[in-house]
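Computation of the quantities below employed the complete heavy-atom set of this structure, encompassing side-chain atoms and omitting hydrogens, waters and symmetry-equivalent molecules. All residue numbers refer to positions in the sequence shown, counting from 1.
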Amino acid sequence: MPASAPRPHPLIGRFLVALAGLLAAGLVVLGLTLVALMIVVPRVRTGTGIDASTGPGWARSVWHLAVGVLSEVALAVGRRRRWSIRVATAGLVVASALAVLTVAWWL
């Protein structure tokens with residue numbers, strides 16, 4: 001009987017899947033909010049002092065939304081797959097969410 005690879009603790013996988021779901025939903029909400037503000041603020045900014053703040057810009061706002069929607073789709077499709085595929089998908093979602101947040105807000 002060949003030695004099998006050690007399996008990670010199931011709690012770690014559940015945590016990763018839950019974290020991925022929260023990050024994906026958060027990116028969708030953040031992306032929608034940023035895009036809505038990019039549309040609304042130019043119309044109401046006169047006399048409010050909002051001119052001084054610029055925000056992340058259109059490209060970064062749309063990236064939040066796109067990565068959030070694609071992550072939600074990946075997680076929804078992954079629910080019908082094996083557990084190892086779900087955990088791998090969750091890991092990719094977490095990595096992509098952290099990459100988008102890092103690039104959009106700190107670089």
I'd like to know if [Y] and [X] are part of one continuous hydrophobic network [Ile/Leu/Val/Met/Phe/Trp/Tyr, side-chain heavy atoms within less than 4.5 Å].
X    : Y    : value
L65  : W105 : no
V100 : L92  : no
V87  : L19  : yes
V35  : M38  : yes
W106 : V94  : no

Identify the two heavy atoms, one from [X] and one from [Y], that lie closest to each other, and give their separation to 0.1 Å.
X    : Y   : result
V28  : V69 : CG2-N, 3.7 Å
R81  : R86 : O-CD, 3.8 Å
T102 : L98 : OG1-O, 2.7 Å
A25  : E72 : N-OE2, 3.0 Å

Results of side-chain contact (heavy atoms from CB on, under 4.5 Å) for T33 - residues two or more places apart only: V29, L37

Apart from L75 itself, residues in the same hydrophobic cluster as defined by side-chain heavy atoms under 4.5 Å: V93

Step-by-step side chain to side chain contact (heavy atoms under 4.5 Å, CB included) determination, L34 to W63: CA-CA 10 Å; L34 288 172; W63 271 111; over 6 Å; no

Interatomic spacing from CG in L27 to OG in S96 - rounded to 0.5 Å: 7.5 Å

Check: H64 and L101 side chains under 4.5 Å, non-hydrogen atoms: yes

